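Only one structure is covered here, and it is reproduced in the block below.
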Amino acid sequence: MNLVIVESPAKAKTINKYLGPSYEVLASFGHVRDLPAKNGSVDPDANFQMIWEIDPKAAGRLNDIAKALKNADKLILATDPDREGEAISWHVLEVMKEKRALKDQTIERVVFNAITKQAVTEAMKNPRQIDGALVDAYMARRALDYLVGFTLSPVLWRKLPGARSAGRVQSVALRLVCDREMEIEKFVPREYWSLLTTLLTPRGDAFEARLVGADGKKIQRLDIGTGAEAEDFRKAIEAAAFSVSTVEAKPARRNPQAPFTTSTLQQEASRKLGFAPAHTMRVAQRLYEGIDIGGETTGLITYMRTDGVQIDASAITQVRAIIGEDYGKEYVPEQPRLYQAKAKNAQEAHEAIRPTDLSRRPAELRGRLENDQARLYELIYIRTLASQMESAELERTTVDITAKAGGRTLELRATGQVVKFDGFLALYQEGRDDDADDEDGRRLPAMSEGEALKKQNLAVTQHFTEPPPRFSEASLVKRMEELGIGRPSTYASILQVLKDRGYVRLDKKRLHGEDKGRVVVAFLENFFARYVEYDFTASLEEKLDRISNNEISWQEVLRDFWTDFIGAVDEIKDLRVSEVLDALDTMLGPHIYAPREDGGDPRQCPSCGTGKLNLKAGKFGAFVGCSNYPECRYTRPLASDAEASGDRILGKDPDTDRDVAVKAGRFGPYIQLGEPKDYEEGVKPKRAGIPKGLSPGDVELEQALQLLALPREVGKHPEDGEPIKAGLGRFGPYVQHLKTYASLEAGDEVFNIGLNRAVVLIAEKIAKGPSKGRFGADPGKALGDHPTLGAVAVKAGRYGAYVTAGGVNATIPSDKTKDEITLAEAIVLIDERAAKGGGKPKRGAKKAPAKKPAVKSADGAGPAKKAAAKKPAAKKAAKADAASSARAPVKAAKTSAKKKTAAKKTAAKKNAG
């Protein structure tokens with residue numbers, strides 16, 4: 001028997017079918033170990049030694065793997081083909097070694113770029129060993145993120161009350177957003193004028209020409225700065241005679257874009273489909289894992305975390321054949337197109353994202369896929385096809401026109417473009433992040449030199465320059481890739497973290513820097529400038545890539561970073577909070593104190609009139625307050641909220657014709673269908689909450705209708721025919737079958753989760769059993785019974801693993817894990833803790849019988865002997881017991897007296913009656 005380890009259960013089931021009965025395929029469900037979220041998990045003084053902790057959710061799965069390994073001849077690690085997948089394989093192998101589950105089994109690592117029978121069977125024929133360099137790069141990245149987070153975040157909390165945390169890459173991405181906000185606030189509009197003349201050829205064809213020169217001088221876009229100058233040119237043009245001076249036509253070619261990488265897929269899905277990067281990756285994951293085709297689950301696209309732009313030669317052959325079949329031979333270039341990545345630090349370790357089989361056309365799969373899956377598959381399909389199509393052939397024409405008015409000579413220019421052969425444009429054109437008018441795309445009528453032209457119209461227009469646009473999610477991903485910040489697999493999670501922490505918000509598909517985010521960036525730029533520099537972050541990414549190429553030691557990279565970083569942290573330890581606030585107050589001044597209309601001091605307190613406004617820190621973050629506090633208690637947020645607080649009608653519900661609106665409620669914004677007057681008396685309008693991470697200003701009608709339709713029926717359970725529903729609850733999205741509720745995991749969407757996935761989640765929830773303990777607390781792993789205190793369990797606590805019995809809790813030593821601790825060892829730990837006076841036995845716990853032998857520890861000392869060694873503690877406990885015994889008769893007497901008094905009162909009432 002061969003044991004194969006993959007990441008997802010859906011993939012495990014599929015691959016097991018491919019490989020047959022001689023293989024057993026189990027899922028790790030992603031990462032199985034991580035650094036504990038506490039100080040000391042990475043030790044810089046011990047050559048960056050790391051302490052790994054098994055995820056409680058993964059403990060059972062690892063036990064299953066260890067159990068299955070006993071009967072296996074070979075362990076095949078087949079996790080995802082990237083750095084994270086390599087790390088998961090390494091973690092699983094290390095845990096198996098710790099459990100001593102490995103004997104003489106052969107260990108192999110295999111990778112496949114697509115979940116198809118051919119790809120998987122081919123991968124099994126080409127095994128290798130775990131790539132130590134990739135694992136080193138993973139450890140370096142994980143250690144860096146941990147050291148920055150656990151060193152910098154406490155500094156933020158102390159020096160900047162109300163701040164959440166700071167991350168190594170997230171902080172740099174946040175700086176991009178906040179720097180753009182600063183550019184917008186500092187931007188001063190500049191006036192300029194344009195003159196656009198509509199001219200007619202002798203044949204009556206109209207076209208537009210722009211003023212580009214006068215009296216031998218060129219006129220640029222911003223050169224006409226006043227209305228007086230524009231009027232002067234207007235008079236000259238009105239009186240001018242026009243003629244064609246030159247006509248120049250140049251051929252041009254436009255080449256198709258490369259197939260999708262992770263970042264370009266996220267960008268295009270955002271532009272064309274309106275998907276957030278995180279949603280794009282969730283849908284792509286489903287397409288990668290595949291659907292049932294002909295009784296066999298087959299992946300529809302190749303692996304979706306990649307920065308490579310090449311595709312397999314066999315796929316290119318298939319693409320070229322389909323292009324010739326669908327569009328004709330003239331659309332197939334003579335040679336296949338080969339691409340090279342332009343992104344900084346591109347690894348190109350995997351293929352670009354493409355369909356696994358181009359014969360599966362989008363129209364044929366639409367009925368088998370959920371809506372978003374079908375849309376994304378079609379986008380990937382046509383991009384792949386277009387990438388191998390012939391170039392578009394264009395003709396770009398420039399016409400220069402002379403306008404003579406008296407003694408003045410003006411120059412006008414018209415530009416246009418004609419598509420001679422559409423090539424790949426017949427199928428696909430990449431989206432844009434801006435809405436700039438493309439004058440070159442206009443088609444010009446036929447003209448020849450010397451022809452006279454007539455003026456039909458003249459438009460003189462005033463303009464003002466506009467600030468740079470805020471980043472969309474697509475343009476931010478593009479900018480991060482250009483700068484070499486982050487990696488394909490991290491872009492979506494970086495954006496999600498920024499939104500979840502409230503550092504940015506998405507409004508009208510644009511990212512706005514929130515006040516708390518701007519304060520954090522200002523703090524980092526003032527006191528940790530180097531670590532939020534774009535070049536520094538990019539150079540660190542380059543070093544991580546060099547580690548993965550086995551060119552440099554990962555400890556060396558960490559050592560170089562840590563020495564300077566901890567020095568920077570130590571430098572600001574003695575800074576007072578007031579000094580930090582003064583620095584931020586100066587830096588954020590243009591944002592916090594907008595100019596007053598009357599030209600007065602923007603820092604003057606509007607309440608008392610004598611105080612000065614300045615930045616202050618409170619429990620819930622920074623705010624603006626008066627210097628005359630406490631006499632003047634004026635406060636306000638950093639900046640006024642630009643978002644409208646009133647109701648916003650999104651449109652009509654097509655089924656009821658009632659208004660769908662976003663409303664501001666006491667407990668936050670919500671969506672409402674209609675008004676009370678639209679319903680019968682006593683019936684309230686239907687409402688739906690707005691999910692976390694979605695800005696009220698970004699909610700559109702389609703999303704609102706989806707939210708109002710929850711809970712929705714996903715389908716019937718295959719075993720009993722009862723409906724499975726998906727909805728949003730107090731604790732987030734869920735699926736429900738009868739009385740079983742299962743929370744949706746990362747990668748699941750309440751609006752488009754399918755029946756197969758929902759059945760898996762329900763089955764996993766049932767397998768785990770109902771939650772036990774107060775508020776669903778972890779009941780722990782039962783070890784057996786303590787001689788006097790009852791059941792013994794081992795649990796994962798806030799400060800580490802511990803054992804417990806009868807209300808006495810004892811921490812497990814660092815040299816043991818909670819999976820290794822035995823009942824005998826647990827009893828010793830509990831007895832030692834009880835002897836020290838730790839923990840209180842629960843009400844109802846058994847009292848120790850006389851002369852009951854105690855279990856001895858490794859040093860031969862039982863709890864009685866250890867208790868005797870702690871005389872002060874024993875005396876204290878004895879005094880407490882004596883005091884308790886002395887109070888008992890008094891308490892009993894008081895209770896008896898109360899009962900007698902109550903009885904007398906009752907008797908008196910009866911007699912009075």
Side-chain angles (χ1 to χ4, degrees), residues 273-276 278-280 282-283 370-373 375 473 495-496 499-500 502 504-510 512 514 641 643-715 723-755 757-758 761-762:
L273 307 179
F275 290 179
H279 181 59
T280 298
R282 284 193 288 267
V283 177
E370 293 164 8
N371 184 47
D372 285 355
Q373 292 175 351
R375 295 171 70 198
E473 290 185 298
L495 289 173
Q496 195 61 49
K499 289 188 284 187
D500 289 346
V504 302
R505 63 181 166 87
L506 193 62
D507 192 4
K508 305 299 182 187
K509 298 185 179 179
R510 294 285 168 173
H512 296 246
E514 294 282 55
D641 189 359
E643 194 171 305
S645 59
D647 297 348
R648 182 166 66 92
I649 296 176
L650 304 176
K652 295 279 187 182
D653 174 26
D655 295 331
T656 63
D657 199 40
R658 292 170 178 160
D659 286 337
V660 179
V662 175
K663 293 178 172 282
R666 181 181 175 189
F667 302 105
Y670 62 92
I671 297 161
Q672 180 170 299
L673 177 62
E675 297 293 336
K677 61 182 177 60
D678 300 328
Y679 293 81
E680 295 178 6
E681 189 175 348
V683 178
K684 294 182 178 180
K686 188 169 185 178
R687 292 179 175 180
I690 296 176
K692 182 181 178 182
L694 179 61
S695 167
D698 210 42
V699 176
E700 296 177 354
L701 179 61
E702 183 181 357
Q703 291 170 302
L705 292 173
Q706 285 181 318
L707 289 165
L708 287 166
L710 294 177
R712 69 179 182 88
E713 184 172 315
V714 178
I724 294 179
K725 296 181 179 180
L728 280 170
R730 282 182 63 194
F731 305 107
Y734 65 86
V735 286
Q736 173 206 354
H737 172 244
L738 299 177
K739 293 184 178 181
T740 301
Y741 289 80
S743 296
L744 299 193
E745 298 179 354
D748 295 316
E749 276 288 334
V750 70
F751 298 127
N752 57 26
I753 187 169
L755 181 60
R757 177 62 178 161
L761 290 172
I762 293 291

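This chain uses plain numbering: 1 for the first residue, then up along the sequence. Quick caveat, the model's predicted, so the values are computed rather than measured. Reckoned from all heavy atoms, side chains included, excluding hydrogens, waters and symmetry mates.
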Answer whether the closest heavy-atom distance between the side chains of [X] and [Y] falls below 4.5 Å.
| X | Y | result |
| --- | --- | --- |
| Pro654 | Leu705 | yes |
| Ile753 | Leu761 | yes |
| Asp659 | Glu675 | no |
| Val750 | Tyr734 | no |
| Leu708 | Asp653 | no |

Minimal non-hydrogen separation, [X] against [Y], with atom names:
| X | Y | result |
| --- | --- | --- |
| Ile762 | Thr740 | CD1-O, 3.9 Å |
| Val660 | Ala704 | CG1-CB, 3.7 Å |
| Gln496 | Ala278 | OE1-CB, 3.8 Å |
| Ala726 | Leu710 | O-CD2, 3.7 Å |
| Ala758 | Val714 | CB-CG1, 4.3 Å |
| Pro711 | Lys725 | CB-CB, 4.5 Å |

Rounded at 0.5 Å granularity, tell me how far [atom1] in [X] sits from [atom2] in [Y].
| X | Y | atom1 | atom2 | result |
| --- | --- | --- | --- | --- |
| Glu514 | Lys499 | CD | NZ | 12.5 Å |
| Glu713 | Leu755 | CD | CG | 9.5 Å |
| Gln736 | Ile724 | CD | CD1 | 10.0 Å |
| Leu707 | Ile690 | CG | CD1 | 7.5 Å |
| Arg712 | Gln706 | CZ | CD | 9.0 Å |
| Glu473 | Arg510 | CD | CZ | 11.0 Å |

Task: Residues that Asp372 engages under side-chain contact (heavy atoms from CB on, under 4.5 Å), provided they are two or more places apart - done: Phe275, His279, Val283, Arg375, Asn752
- [ ] Name all residues meeting the side-chain contact (heavy atoms from CB on, under 4.5 Å) criterion together with Tyr679; count only those two or more places apart in sequence or in a different chain, and write none if there are none.
- [x] Arg658, Leu673, Val683, Pro685, Lys686
